Amino acid sequence: MENKSKDFLRRIVEEDLNAGKYNEVVTRFPPEPNGFPHIGHAKSIAINFGIAKDYQGHCNLRMDDTNPTTEDTQYVEALKDAVQWLGFEWDKNVRYTSDYFPKLYAYARELIKMGKAYVDSTSEEEMRELRGTVTEAGKRSKYAERSVEENLELFEKMKKGEFKDGEHVLRAKIDMSAPNMKMRDPLLYRIRHAHHFRAGDEWAIYPMYDFAHCLSDYIEGVSHSICTLEFENNRDIYNWVLDTLGLKPIRPYQHEFARLGINYTVMSKRKLLELVEGGQVNGWDDPRMPTIAGLRRRGYTPESILNFCDSIGVAKANSMVDVAQLEFAIRDDLNTKVPRVMCVMNPLKVTITNYEGSEEIEAPYYPHDVPKEGTRKLPFSKEIYIDQSDFSQNPEKGYFRLTPEQPVRLKYAYIISCKEVIKDDKGNVVEIKAEYHPDSKSGKDTSGIKVKSAIQWVESNIAKQIEVRLYDRLFKTEAPESVEDLNPNSLKIIKDALIEPAVIDEKPDVRFQFEREGYFYADPIDYTDEKPIFNKIVGLKESSSKKKKAPKQTAKPQPKKVQIDGEVVPMTTEEQALFDNYTNNLKLNSEVANTLARDAQLSAFYQEALEAVNSPVGIANIVTNDVARELKQKELNELNYTPKQIAELMKMVDDELISTKIAKQVFEEMSKSGEEPTKIVESKGLVQISDPDIILPIIDEVIAKNPENVEKFRAGNTKLLGFFVGQVLKATKGKGNPKVVNELVARQLG
RNA sequence: UGGGGUAUGGCCAAGCGGUAAGGCAUCAGUUUUUGGUACUGACAUUCGGGGGUUCGAAUCCCUCUACCCCAUCCA
């Protein structure tokens, strides 16, 4: 919250709070319990619970269980679990829309009594036809004429289960020709003879989302109903229901944000289900899944998910976040938390020919830059394993690890040099005979040998075998469409990795950094002491010099911005006549004349203003810009000022009494209060200052205060002229004559 | 096609008429017994395109373009 920049939702909340619209912020997280929650839900949870927390309000957890055929209690458990895992507490009990069924039913009857809802008995197909299309108005069903009594009776029979599914529905009577398709008499209730996982068989009718959601919000006293963008069109119904019922006290309002998209994965319930059912993954909690359960089993921490949600922000633009940002969040979190241990993924035997006996080496769990304590003992003997990738017989340039010519440090232990490479028949390296440098022991190294790298290793007899599951992105394409896009290497299992004994015996944690490999998590389900299994959460970041292989992405071909001309609707003859008059007689420029001529309201306003004061260009400008802006929100008769007042305002500008900058300010004021422009200028003392004797000292002061910028300006950063002008204008409270200020500033700086 | 939205670097994203924040990614360099971390520096003369208004426009006006959502008895 200390962040100066807040997202648009928090800004709305703050405005509402400041305006006294609500005493308390109440939000809700309202999933339908028909699937497992994924990271997109996490974003919604973070927003809803986060906002409630930030403004000392509360957030409800509500199961939006209005469709008995898709929902189930296992999902409500998963949802509750997700919220708790992320560290949030919902207010009081979990709420269920189904708990409000009786109230909802009463509200529906209310609507019927008001003549605002009716029982429709047309078939599904016919209803679709009657609804019209996006360009054609729909037609109302003949059943809309039923009497209130008949509707009430029918609705009650629907409720009692006297009709079959689909025989009747309850619809709102709104507008069958509404441009917003959602408003063409939306369905409020449908008949469903189905068992509801909570309500049982009590109801034969179930409310639709559009009817249930707004009222559930209302019933719970929600202040800010936050949902995703695809519900924008539903907002009209949301408001219609609440307004029509005349519900007063705490009225909720809906606000929408963009749902989360992440590349190299899919997020829709349908696609996720396909993966599970198609056996492409091992269930909803497969560590490759973007589900909460999957992320959790992979080893992601709640903190990392929350940090991720925080870092991506909240806005209204559809976007696709890079997985790298998620990966950063978990690395960043684990870096300071987790012990480092040594694990050899692909063991290569190293025999140290000049070492005899054995010893134990004490090694810290955390690197110098992590302020945590703890050490463990590393057994050491002449027979150890290192990773195959840490030895190269024909190293590329820039290879830091062991080669026949290059010694390497065994981390926490000795420096070794390769003496002999043993290969099998096929030429694969199977063992290395090496010699160690006795005086190179970690901590008391007097050998003077310089190595480029320190590698992980394990002692061969005491090392433990573990299974390691290496996970990679589920899909190989950024925006996957189908199973074709699956990454065939998303799971690699290594059955015989070797790990230092302390990890298994001491169990210092469940998450580790396997040094130089990545972060790993003891699989919460399959791990046993006999068969330890670790999931790779995420790899360490690799600098390009180590990766080597990935050829740098080629410079993007500059997608030159070209202008695409569309077709412009031609003017009518009347408009053309006006346009000609404006350009020829009044000398307006063609753009201004064009907008004026094409807008009847605007041109009428303009002509009237022109009669009061003859300043055709100036008035045209203010009308086409500022008045036009207001006319986008309001009707002509709602404006707080008259054309004549606009003309007067313009006159003051023409007379150089005020600057155009001040004129804008006065305009705002007029728009708000409807006061005379001359009065506003007078009472606020807005007459512009053009006297250099007054302005110059101010300029000098500003210049004195900003020596760095003066220097930058003199060094050629001419943009800064605007900065100085702005500062001076601010010092004069906007009253400085900008033209004069500009000139003087330029002179003083030059 | 009617309506509702959205466009700021490779990816997110601030910005609300006066010097284009920040994070991720990328690239350099310093430190490092992790090719990790940390630190330093470089990354938008320009905000989807074109016009207009203004001393001054990412911000106001006009216009064009692209993308997303809406015609489930789903939510």
Side-chain angles (χ1 to χ4, degrees), chain A residues 4-5 31-32 34 64 66-67 70 124 127-128 131-136 138 165-166 169 178-182 184 187 189-192 208-209 213 229-236 256 258 263 311-313 315-322 324-325 328 331 335-336 340 367-370 400 409 411-412 442 445 451-456 513 515-517 540-547 552-553 556 561-568 589 591-592 594-595 598 621-622 624-626 628-629 659-661 664 709 712 717 719-727 729-730 738-739 741-743:
Chain A
K4 52 232 153 197
S5 64
E32 182 190 13
N34 70 344
D64 206 7
T66 57
N67 185 356
T70 57
E124 215 174 320
M127 205 179 286
R128 195 173 7 254
R131 186 145 31 218
T133 67
V134 285
T135 46
E136 291 165 56
D165 283 13
V169 291
N180 178 357
M181 294 293 293
K182 293 266 158 157
R184 321 252 255 226
L187 272 61
Y189 272 90
R190 79 287 215 184
I191 299 171
R192 275 268 208 286
M208 302 289 290
Y209 166 85
H213 205 95
L229 246 31
E230 66 269 27
F231 292 100
E232 275 171 328
N233 296 321
N234 301 254
R235 188 175 57 225
D236 284 345
E256 312 87 10
N263 58 10
S311 79
I312 57 174
K316 294 191 76 160
N318 286 312
S319 54
M320 185 74 91
V321 176
D322 195 336
Q325 195 139 351
F328 169 82
R331 277 194 207 104
N335 177 44
T336 54
R340 320 288 142 125
H368 64 95
D369 49 2
V370 172
F400 286 3
R409 159 151 252 128
K411 183 139 192 178
Y412 308 120
S442 193
D445 183 356
V451 291
K452 291 208 175 94
S453 181
I455 62 173
Q456 74 273 27
Q513 185 194 106
E515 292 219 40
R516 305 206 307 130
E517 292 287 354
L540 257 29
K541 196 175 160 186
E542 282 195 348
S543 63
S544 58
S545 53
K546 185 176 182 191
K547 282 193 250 183
K552 258 210 307 193
Q553 56 210 140
K556 63 250 143 142
K561 294 166 180 170
V562 268
Q563 185 196 350
I564 302 151
D565 283 316
E567 248 172 71
V568 182
N589 82 39
E591 276 301 319
V592 173
N594 190 34
T595 39
R598 282 170 182 276
N621 287 339
I622 193 164
T624 46
N625 286 290
D626 303 81
R629 178 177 63 247
S659 64
T660 50
K661 188 184 174 78
K664 298 247 182 213
N709 281 337
K712 279 196 222 163
N717 189 349
K719 268 188 303 194
L720 285 170
L721 184 66
F723 164 76
F724 286 106
V725 173
Q727 293 297 309
L729 252 29
K730 197 191 273 178
K739 277 184 197 159
V741 172
N742 249 296
E743 261 169 50

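Predicted model only: the values in this text are computed from it and were never measured. For the numbers below, each heavy atom of this structure counts, side chains included, while hydrogens, waters and symmetry mates do not. Below, chains carry the letters A, B, ... as their sequence lines are ordered, and counting in each starts from 1.
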Base of G2(B) paired with side chain of N180(A) (donor-acceptor, under 3.5 Å): no
Comparing I622(A) and Y189(A) on RNA chain B - which has the more 5′ nearest nucleotide: I622(A)
Residue pair T66(A) / H213(A), side-chain heavy-atom distance below 4.5 Å: no
Touch class at under 4.0 angstrom, heavy-atom based, for T595(A) against every strand present: sugar-phosphate
Selection from U33(B), U46(B), U72(B) that lies nearest to any side-chain heavy atom of R131(A): U72(B)
Ring-on-base stacking G35(B) with F400(A) (under 5.5 Å, under 30°): yes
Closest to side chain of V134(A), choosing from C70(B), U34(B), C74(B): C70(B)
Out of U34(B), C73(B), A75(B), whichever nucleotide has its closest atom nearest the side chain of D64(A): A75(B)
Touch class at under 4.0 angstrom, heavy-atom based, for N234(A) against every strand present: base
Under 3.5 Å donor-acceptor pair, Q513(A) side-chain atoms to U34(B) base atoms: yes
Short side-chain N/O contact to G36(B) OP1/OP2 from R340(A), under 4.0 Å: no
Gap in Å between the two C1' atoms, one belonging to A13(B) and one to C27(B), rounded: 22 Å
Touch class at under 4.0 angstrom, heavy-atom based, for R516(A) against every strand present: base
Candidates C60(B), C73(B), A75(B) - which lies nearest the side chain of E124(A): C73(B)
Sugar-phosphate only, base, or nothing, as touched by S319(A) at under 4.0 Å among non-hydrogen atoms: sugar-phosphate
Nearest-nucleotide pick for K661(A), side chain only, options being G52(B), G23(B), G18(B): G18(B)
Selected nucleotide, minimal atom distance to A317(A) side chain, candidates C11(B), A7(B), G17(B): A7(B)
Rounded distance in Å between the P positions of A42(B) and U6(B): 35 Å
Test item: side-chain donor near acceptor, R598(A) and N594(A), under 3.5 Å: yes
Side-chain N,O (K541(A)) to OP1/OP2 (U34(B)) below 4.0 Å: no
Nucleotide C69(B), atom P - distance to CZ of R235(A) in whole Å: 17 Å
Nucleotide of C55(B), C62(B), G5(B) approaching L229(A) most closely (side-chain heavy atoms): G5(B)
Touch class at under 4.0 angstrom, heavy-atom based, for L729(A) against every strand present: base
G35(B) phosphate, OP1 or OP2, under 4.0 Å from S453(A) side-chain N/O: yes
Phosphate-side-chain proximity, R190(A) and A75(B), N/O vs OP1/OP2 below 4.0 Å: yes
U46(B) base / K719(A) side chain donor-acceptor hit below 3.5 Å: yes
Salt bridge D236(A)-K182(A), side-chain N to carboxylate O under 4.0 Å: no
Close side-chain approach of M127(A) to L187(A), heavy-atom, < 4.5 Å: yes
Options C73(B), C62(B), U34(B), nucleotide nearest the side-chain atoms of R192(A): C73(B)
5'-most by nearest nucleotide on RNA chain B - V568(A) or E517(A): E517(A)
For atom CZ of R598(A) and atom P of G51(B), their distance in whole Å: 18 Å
Side-chain N or O of N594(A) closer than 4.0 Å to phosphate OP1/OP2 of U63(B): no
